[in-house]
Amino acid sequence: MNPSTETGTPSRPRKGKKDHQRSAASAAETASKLEKGPEKPKETTMEFISSMAAVLVSGLFIITFIMQAFEIPSRSMEQTLLVGDHLFVDRVRFAPETKWSKALLPYRPIHRGDVIVFLSPAQAGLYLVKRVRGVPGDRLHLQDGRLYVNGQLQDEPFVQRDSTQVAYRDNFPAVPATEGEGLTFDWRLSMSSHVQDGELVVPPDSYFAMGDNRNNSYDSRYWGFVPRENLIGRPLFIYWSFETPEDQYEKKGMGERLAFIGNVIIHFFDETRWRRTFKMVR
């Protein structure tokens, strides 16, 4: 006879090992939910679209008003910048100050030695990159290819030049230009009005700019001063550099462009100049 039946005590089923494991798991899950709090609702389609739109608008604002991508098309700034260097340009640092923003944004005046990106005074719509060698009020001249500013010979470790000699180019502005020098019509007419005692005087709101590859640079010696309003900004750093032919920017045909894109895809790894990635421009 069952003892529990005799005494009237109801029998209880014993919990097995699996029941204990399920109870422990349930308790752990409950504790986890309490720690995490209520589940967050999933993002709706409209919320996702709004988030993407905000990202795109922010990106467009940065590209339009703060930074701009720029590619070096010529050898005029070697070895500082090479053909095929892709840069980000700071559009804020040299922008005209405004009353509401001058306390917030890092404005500063342009200094002699700054590398700048600007619209060419000689060709509409063409972006150029050169180094400022004269600021408003400076008196400058070249003698045998060496630059003097306000009577002082300039230390220019960034300059690259070859052994060739060209009278006008290397002794500017003392030696008159010949017809074949490539001066623009306007600069040929106006240059003499800025020359005093054999030196060129930089007028207000203007800059004298030259390439670091001094003997292979079409610059202020040939088309004059860079007006303040032509300034775009200053290069910050190289984000990508690829081996590129110097005449690539002149190739406008669709077939030529597609051929170059194909070359980039095929040779991306072996013709990218990895050592120049994120290099600061100075």
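For this chain, numbers begin at 1 and follow the sequence in order.
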Practice problem: Before giving the answer on side-chain contact (heavy atoms from CB on, under 4.5 Å), spell out for Asn263 and Gln248 the whole-Å C-alpha distance, their side-chain angles and the decisive distance to 0.1 Å. | Solution: CA-CA 12 Å; Asn263 181 66; Gln248 181 60 41; over 6 Å; no
Quiz prompt | side-chain contact (heavy atoms from CB on, under 4.5 Å) assessment of Tyr249 paired with Val83 | solution = CA-CA 10 Å; Tyr249 78 100; Val83 178; over 6 Å; no
Quiz item: When you look at Leu81 and Ile238, which way does the side-chain contact (heavy atoms from CB on, under 4.5 Å) test go after all the steps?
Solution: CA-CA 9 Å; Leu81 295 170; Ile238 300 166; 4.3 Å; yes
Exercise. Take Asp114 and Arg234 through the salt bridge (Lys or Arg N to Asp or Glu O under 4.0 Å) test and state the conclusion after the steps.
Key: CA-CA 8 Å; Asp114 284 335; Arg234 71 180 185 100; over 6 Å; no
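Ring-plane geometry between His141 and Tyr148 is classed as parallel, the angle between the planes falling under 30 degrees on a 0 to 90 degree scale with a further cut at 60. Relative ring orientation between Phe88 and Phe237 is described as perpendicular, the plane-to-plane angle rising above 60° on a 0-90° scale split at 30° and 60°.
Between Val202 and Val135, the closest side-chain pair of non-hydrogen atoms is not below 4.5 Å. At least one side-chain heavy atom of Leu200 sits under 4.5 Å from a side-chain heavy atom of Phe225. For the pair Gln160 and Asn216, the minimum side-chain heavy-atom distance is 4.5 Å or more. Under the 4.5 Å side-chain criterion, counting only non-hydrogen atoms from C-beta, Met77 is in contact with Val115. The closest side-chain heavy-atom distance from Asp170 to Asn215 is below 4.5 Å. The closest side-chain heavy-atom distance from Leu82 to Gln79 is below 4.5 Å. A heavy-atom distance below 4.5 Å is found between the side chains of Pro136 and Tyr207. Two residues are said to be in side-chain contact when any heavy atoms from C-beta on lie closer than 4.5 Å; Arg112 and Gln154 meet this criterion.
Trp187 contributes a side-chain N or O that, together with a main-chain N or O of Arg221, makes up a donor-acceptor pair within less than 3.5 Å. A donor-acceptor pair under 3.5 Å is absent between the side-chain atoms of Thr164 and the main chain of Asp162, judged by distance alone. Between the side chain of Arg161 and the backbone N or O of Arg214 there is no donor-acceptor pair closer than 3.5 Å. The backbone N or O of Met210 sits nowhere less than 3.5 Å from a side-chain atom of Arg131 that would complete a donor-acceptor pair. With hydrogens and angles disregarded, no donor-acceptor distance shorter than 3.5 Å links the side chain of Arg282 to the backbone of Thr80.
Between atom CZ of residue Arg91 and atom CG of residue Leu236 there is a gap of 12.0 Å, rounded to the nearest 0.5 Å. For the atom pair CG of Leu147 and CZ of Phe208, the computed distance is 8.0 Å after rounding to the nearest 0.5 Å. To the nearest 0.5 Å, atom CH2 of residue Trp240 and atom CZ of residue Phe278 are 13.0 Å apart. For the atom pair CD of Gln152 and CG of Asn150, the computed distance is 8.0 Å after rounding to the nearest 0.5 Å. How far CD1 of Ile116 is from NE2 of His111: 13.0 Å, rounded to the nearest 0.5 Å. Taking CG of Leu142 as the start and CZ of Phe172 as the end, the distance is 7.5 Å to the nearest 0.5 Å.
Across every non-hydrogen atom of His267 and Phe242, the tightest pair is O-CE1, 3.4 Å. Shown here for Val175 and Tyr168, the closest heavy-atom pair between the two residues is O-CD1, 3.1 Å. Between His194 and Pro203, the shortest heavy-atom contact is CE1-CG, 4.0 Å. Here the shortest heavy-atom pairing between Gly211 and Asp219 reads N-OD2, 3.4 Å. Val201 and Arg139 make their closest contact through CG2-NH1, 3.8 Å (heavy atoms, listed as atom of the first residue, atom of the second, distance). Of all heavy-atom pairs spanning Leu183 and Arg188, the tightest one is CB-NH2, 3.8 Å.
Within a 6.0 Å sphere centred on CE of Met280, heavy atoms belonging to other residues, nucleotides or ligands number more than 12. Enclosure of atom CD in Glu256 by more than 12 non-hydrogen atoms of other residues, nucleotides or ligands within 6.0 angstrom is indicated. Within a 6.0 Å radius of CG in Asp205, no more than 12 heavy atoms belonging to other residues, nucleotides or ligands are found.
Under a 4.0 Å N-O distance rule, the pair Asp85/Arg273 qualifies as a salt bridge.
Residue Phe260 is not grouped with residue Ile266 when hydrophobic side chains (ILVMFWY) are merged at heavy-atom distances under 4.5 angstrom, including chains of intermediate members. Val226 and Met191 fall within the same hydrophobic cluster, where Ile, Leu, Val, Met, Phe, Trp and Tyr residues are linked whenever their side-chain heavy atoms come under 4.5 Å apart, directly or through other members. Linking ILVMFWY side-chain heavy atoms closer than 4.5 Å, directly or via other members, places Val195 and Leu189 in two distinct hydrophobic clusters.
Taking Asp144 as the reference, Arg146, Asn171 meet the side-chain contact (heavy atoms from CB on, under 4.5 Å) condition, with sequence neighbours excluded.
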Could you list the donor-acceptor pairs under 3.5 angstrom formed between side-chain atoms of residues 119-130 and any protein atom two or more places apart in sequence or on another chain?
from   : atom 1 : to     : atom 2 : distance (Å)
Ser120 : OG     : Ala122 : N      : 3.0
Ser120 : OG     : Gln123 : N      : 3.1
Lys130 : NZ     : Ser76  : OG     : 3.0
Lys130 : NZ     : Ser217 : OG     : 3.2
Lys130 : NZ     : Tyr218 : O      : 3.3

